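What you see is a predicted model; the values in this text were computed from it and never measured.
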Amino acid sequence: MMSPIQSVPDDRLPAVVSPRAEATAFVRLARDCVDEGREFEALAASRRAEVLFTAIDEPFGVAVARLHRSAVIQDLMDWVRLPAAIAAVEQLLPRLAEREVNLLRVPLLDRRAHEAWSRGRIDDALRHVEEAEVRSLDSAAAPTAFADPRTGALLRVLALVAGRRFDEAVAATDRALATGEPRDVRGLSLRAARLGARVAMGADGVEEEAASILDDCTTGRRELSPGRRRECATNVAHALAPRPSALRTMRRALDVAATAAFERAVEVDRFVHELPEAAPLLPEDVETLSDHRRATLTEQAALGTAVVLALEKAAEEGRSPLPMFGDADGLTCVCAWCQRVRTRDGLWLTVQQFLPLRSAGPVQLTHGICETCAPALVADAAAALH
């Protein structure tokens with residue numbers, strides 16, 4: 001019987017000849033999905049790899065699979081589960097050879113730095129980053145090491161912003177950007193972090209800076225995966241939220257994020273169809289993704305509130321409000337949380353139902369929220385008030 005991996009037309013998944021080769025292929029897939037911001041696929045692939053490596057009793061393979069799962073939890077900013085994910089890797093260290101342990105040191109320091117940052121322990125986060133950067137020079141083959149020196153630089157900038165050390169954050173970003181491509185994933189993330197610092201400082205020219213980031217985010221879409229494009233655009237929108245005068249640019253960022261979210265839904269659909277054995281997730285993984293969606297919903301709601309307040313203020317002052325809710329004719333609305341598509345008569349269709357019905361030519365997307373996801377917004381708002 002042919003393994004499900006063998007049927008996938010993807011050069012990252014070679015023909016399977018043994019359980020070890022199959023497990024290794026899933027680890028490779030998980031790593032690539034982590035890099036591309038494909039959270040669902042990364043969780044599913046890492047879970048499958050862990051099961052396979054456990055069956056053949058290879059603790060290092062299990063540790064690497066768990067390491068990739070922790071990377072997804074870190075990307076989702078699920079700070080409640082990150083400590084347990086780190087511990088799941090560390091509990092295997094006594095069973096590993098010294099060389100294998102050393103390969104895991106840098107990525108584990110990366111996870112610890114993020115955990116410290118999430119808890120407001122900025123000095124601890126910076127200390128972990130510095131140690132990881134030093135160790136990464138001798139650990140080029142580590143599963144998720146700081147292969148790009150700007151990985152550590154980005155975390156340093158985020159920690160400095162969290163510590164309200166904005167001048168230092170901007171200077172650190174400029175140093176990092178001078179050593180690499182400003183339009184790749186890491187470069188765009190650094191620029192978005194710097195944008196947030198400059199907005200907090202009350203600097204001028206932030207709208208132009210944000211527009212430049214979005215231009216590079218959309219122009220380089222062939223190189224930038226939908227997951228990372230969505231992340232970049234959302235970071236820009238969040239950075240601009242405290243600046244009411246930047247509402248137009250913020251709306252553009254949210255539109256870019258919604259378009260990328262639609263493309264992600266298509267990717268997930270393809271993955272589920274081509275790797276049905278890997279697609280099922282454990283309950284804790286589903287809970288992780290669900291928590292992330294609720295957190296995103298709350299953040300987007302805060303941005304929406306800022307838009308409404310700014311429009312009301314503009315109307316009170318006799319100014320023409322920005323065209324945030326212009327003519328929707330020709331625009332296709334996608335729910336920003338479940339990625340279903342709204343028809344003109346108000347029906348919400350799945351991506352699979354929508355694609356065969358869409359007219360020829362490009363689809364111009366906007367974002368919204370469907371009747372199914374909206375109650376979660378109300379519940380979150382009520383919980384926040386109490």
Side-chain angles (χ1 to χ4, degrees), residues 1-76 78 81-82 84-108 110-111 139-145 147 225 227 264 267-289:
M1 181 176 181
M2 179 178 288
S3 164
I5 279 190
Q6 290 178 289
S7 64
V8 179
D10 192 325
D11 57 9
R12 293 177 298 192
L13 299 175
V16 176
V17 295
S18 70
R20 181 176 289 102
E22 184 175 6
T24 301
F26 273 112
V27 162
R28 192 180 305 118
L29 176 62
R31 179 198 63 204
D32 292 343
C33 290
V34 168
D35 291 342
E36 295 168 6
R38 297 165 59 187
E39 299 95 348
F40 175 88
E41 296 92 320
L43 281 174
S46 62
R47 279 299 191 192
R48 182 61 181 157
E50 181 176 353
V51 169
L52 292 168
F53 276 123
T54 300
I56 59 177
D57 194 25
E58 285 201 9
F60 181 66
V62 174
V64 173
R66 292 178 179 178
L67 189 70
H68 290 312
R69 180 175 182 272
S70 72
V72 178
I73 293 174
Q74 176 177 292
D75 277 353
L76 296 179
D78 188 345
R81 292 180 180 83
L82 184 59
I86 296 172
V89 179
E90 292 180 332
Q91 73 180 21
L92 290 170
L93 297 184
R95 297 186 59 191
L96 304 182
E98 183 179 357
R99 173 184 171 277
E100 294 172 333
V101 172
N102 287 334
L103 289 175
L104 299 176
R105 291 296 187 196
V106 171
L108 284 173
D110 175 42
R111 308 294 183 272
S139 306
T144 54
S225 68
R264 276 290 296 123
E267 284 185 343
V268 170
D269 181 65
R270 174 179 178 270
F271 179 84
V272 170
H273 279 83
E274 293 182 347
L275 283 174
E277 187 175 356
L281 298 175
L282 294 182
E284 57 262 40
D285 286 327
V286 175
E287 192 173 1
T288 290
L289 291 168

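Taking CZ from Arg111 and CD1 from Ile73, the interatomic distance works out to 10.0 Å, rounded to the nearest 0.5 Å. With rounding to the nearest 0.5 Å, the separation of CD in Gln91 from CD1 in Ile86 is 13.0 Å. Within the model, atoms NE2 of His68 and OG of Ser46 stand 8.0 Å from one another, a figure rounded to the nearest 0.5 Å. How far CG of Asn102 is from CD of Glu98: 5.5 Å, rounded to the nearest 0.5 Å. Between atom CG of residue Leu96 and atom CG of residue Leu104 there is a gap of 6.5 Å, rounded to the nearest 0.5 Å.
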Output side-chain donor-acceptor pairs under 3.5 Å for residues 50-62, partner residues at least two apart or in another chain, one line each.
from	atom 1	to	atom 2	distance (Å)
Glu50	OE2	Arg66	NE	3.0
Glu50	OE2	Arg66	NH2	3.4
Thr54	OG1	Glu50	O	2.7
Asp57	OD1	Arg95	NH2	3.0
Glu58	OE2	Arg20	NE	2.2
Glu58	OE2	Arg20	NH2	2.6

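Closest non-hydrogen pair, Gly37 versus Arg264, comes out as O-NE, 4.0 Å. Heavy atoms only, all atoms of each residue included: Ala279 and Phe40 are closest at O-CZ, 3.6 Å.
Proximity of Leu282 to Leu43: side-chain heavy atoms (C-beta onward) are nowhere separated by under 4.5 Å. Using a 4.5 Å heavy-atom cutoff, the side chains of Leu29 and Leu275 are in contact. The shortest distance between side-chain heavy atoms of Asp110 and Gln74 falls below 4.5 Å. Side-chain contact between Asp285 and Val72 is absent, with no heavy-atom pair separated by less than 4.5 Å. Side-chain contact check for Val27 versus Arg31: every heavy-atom pair is 4.5 Å or farther apart.
With sequence neighbours excluded, no residue satisfies salt bridge (Lys or Arg N to Asp or Glu O under 4.0 Å) with Asp35. Remark: Asp78 pairs with Arg81 by the salt bridge (Lys or Arg N to Asp or Glu O under 4.0 Å) rule, at least two apart or across chains.
The pair Arg47-Glu284 meets the salt-bridge criterion, since a charged nitrogen lies less than 4.0 angstrom from a carboxylate oxygen.
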**Prompt:** Where do Glu39 and Leu289 land on the side chain to side chain contact (heavy atoms under 4.5 Å, CB included) test, with the steps shown first?
**Reply:** CA-CA 8 Å; Glu39 299 95 348; Leu289 291 168; 4.2 Å; yes

